[in-house]
Each structure stands twice: as C-alpha cells, then as structure tokens.
Amino acid sequence: MTLPITLPITLGAVAAAALINIWLSIRCGQARTSEKVSVGDGGNDKVIRRMRAHANFNENAPIVLVLIAALEFAHPGSTALAAVAGVFMAGRVAHGIGMDGGSFGIGRMIGTLITLVTQLGLAIWAIMSAMA
C-alpha cells in the first residue's frame with residue numbers, strides 16, 4: 001500500500017500563484033475598461049503595463065513552482081523553502097503594482113530582483129540536492 005504524497009509548501013505556493021494570477025488578470029480587465037480598449041492593448045500605456053505585468057508573472061512563476069515542488073520532494077517540511085516561496089509571491093505582487101509606475105514604481109525593480117534571485121537560488125539548491 002502506498003501513501004499519498006502531500007506537498008503542503010507547493011500547494012500553498014500554487015494557490016498563492018493562482019490568486020496573484022487572478023488579481024493580475026482583473027487588473028488588466030479594469031485597465032481595458034477604464035481606457036475603453038476592448039481587445040489587445042490599443043497602444044494604451046496603462047493597458048500595456050498591466051498586460052506585461054500579467055505576462056511577466058506567467059513567464060516566471062511556472063519554473064519557480066516546478067523548482068519549489070522538486071525541492072519539496074527532496075526536502076519535505078523545509079521552512080527555508082516555504083519562506084522563499086512566500087518572498088517570491090510578495091515580489092510578484094510588488095512587481096505587478098510597480099509596473100503601474102507612479103509612487104511605487106520601485107516595486108517593479110524590487111519584484112524583478114526578487115524573482116531573479118529566487119530562480120537562481122532555487123536552481124543552485126536543486127543542483128546541489130541532485131549532486132548530494
């Protein structure tokens with residue numbers, strides 16, 4: 001008899017990612033509505049920024065989530081992994097807000113740096129785990 005495998009860190013990270021994805025999608029819709037752009041970006045800067053924030057999330061989140069899942073298999077119950085997942089999600093929210101520019105435009109840079117450092121750190125951790 002095999003026991004079911006649960007990955008609570010991964011489940012939490014994927015749930016958070018889904019909620020952030022929904023939030024970013026809603027923000028795109030809000031920008032399209034307020035700027036009266038039905039399809040695409042209409043050349044509108046606000047819509048373009050919101051769409052890029054959403055696309056950038058979907059370009060980066062999958063690899064991080066795969067790395068989190070793989071590392072959780074290798075290191076069940078890792079509080080460090082849970083912390084990294086949380087920081088990554090916070091960085092993606094900062095990036096999404098920062099893409100609007102304005103008073104929190106620095107959020108874009110913060111989110112970008114968090115994303116890159118997270119991917120690099122998780123990749124190195126995965127390589128080291130595979131070699132152990």
Under the side-chain hydrogen bond (donor to acceptor under 3.5 Å, both in side chains) test, which residues partner [X], sequence neighbours left out?
X    : answer
T115 : R92
R32  : none
S129 : H75
R108 : none

Give the cluster check for [X] versus [Y]: same hydrophobic cluster or not, with ILVMFWY residues linked at side-chain heavy-atom distances below 4.5 Å.
X    : Y    : value
I106 : V93  : yes
L7   : I9   : no
V64  : V117 : no
I63  : L24  : yes
F57  : M109 : yes

Task: Least distance between heavy atoms, A17 atom then L65 atom - done: CB-CD1, 3.9 Å
- [ ] Looking only at non-hydrogen atoms, find the nearest pair between A13 and I68 and report the distance.
- [x] CB-CD1, 4.2 Å
Under 4.5 Å side-chain heavy-atom separation, chaining through any Ile, Leu, Val, Met, Phe, Trp or Tyr, what else clusters with [X]? Say none if it is isolated.
X    : result
L19  : none
M51  : V37, V47
I124 : L120, M128
I22  : I26

Can you tell me how far apart [atom1] ([X]) and [atom2] ([Y]) are? Round to the nearest 0.5 Å.
X    : Y    : atom1 : atom2 : result
I127 : L122 : CD1   : CG    : 11.0 Å
R50  : S25  : CZ    : OG    : 11.5 Å
M99  : K46  : CE    : NZ    : 14.0 Å
L113 : T118 : CG    : OG1   : 10.0 Å

Open item on the list: Counting neighbours of CZ on F73 that are heavy atoms of other residues, nucleotides or ligands and sit closer than 6.0 Å, is the number greater than 12?
Closed with: no
Open item on the list: Please list all pairs meeting side-chain hydrogen bond (donor to acceptor under 3.5 Å, both in side chains) that have one or both residues in residues 60-70, counting only residues at least two apart or in different chains.
Closed with: N56-N60, N60-Q119
Task: side-chain hydrogen bond (donor to acceptor under 3.5 Å, both in side chains) pairs, two or more places apart, involving residues 8-24 - done: T10-E72, N21-H54, N21-N58
Throw together a table of side-chain donor-acceptor distances under 3.5 angstrom for residues 76-89, partners on residues two or more places apart or in other chains.
residue: S78; atom: OG; partner: A80; partner atom: N; Å: 3.4
residue: S78; atom: OG; partner: L81; partner atom: N; Å: 3.0

Open item on the list: I need the full list of salt bridge (charged side-chain N to carboxylate O under 4.0 Å, His left out) pairs touching residues 8-27, with sequence neighbours left out, sorted by first then second residue.
Closed with: R27-D100
Open item on the list: Test side-chain contact (heavy atoms from CB on, under 4.5 Å) on H95 and I110; report intermediate values, then the result.
Closed with: CA-CA 7 Å; H95 181 270; I110 292 168; over 6 Å; no
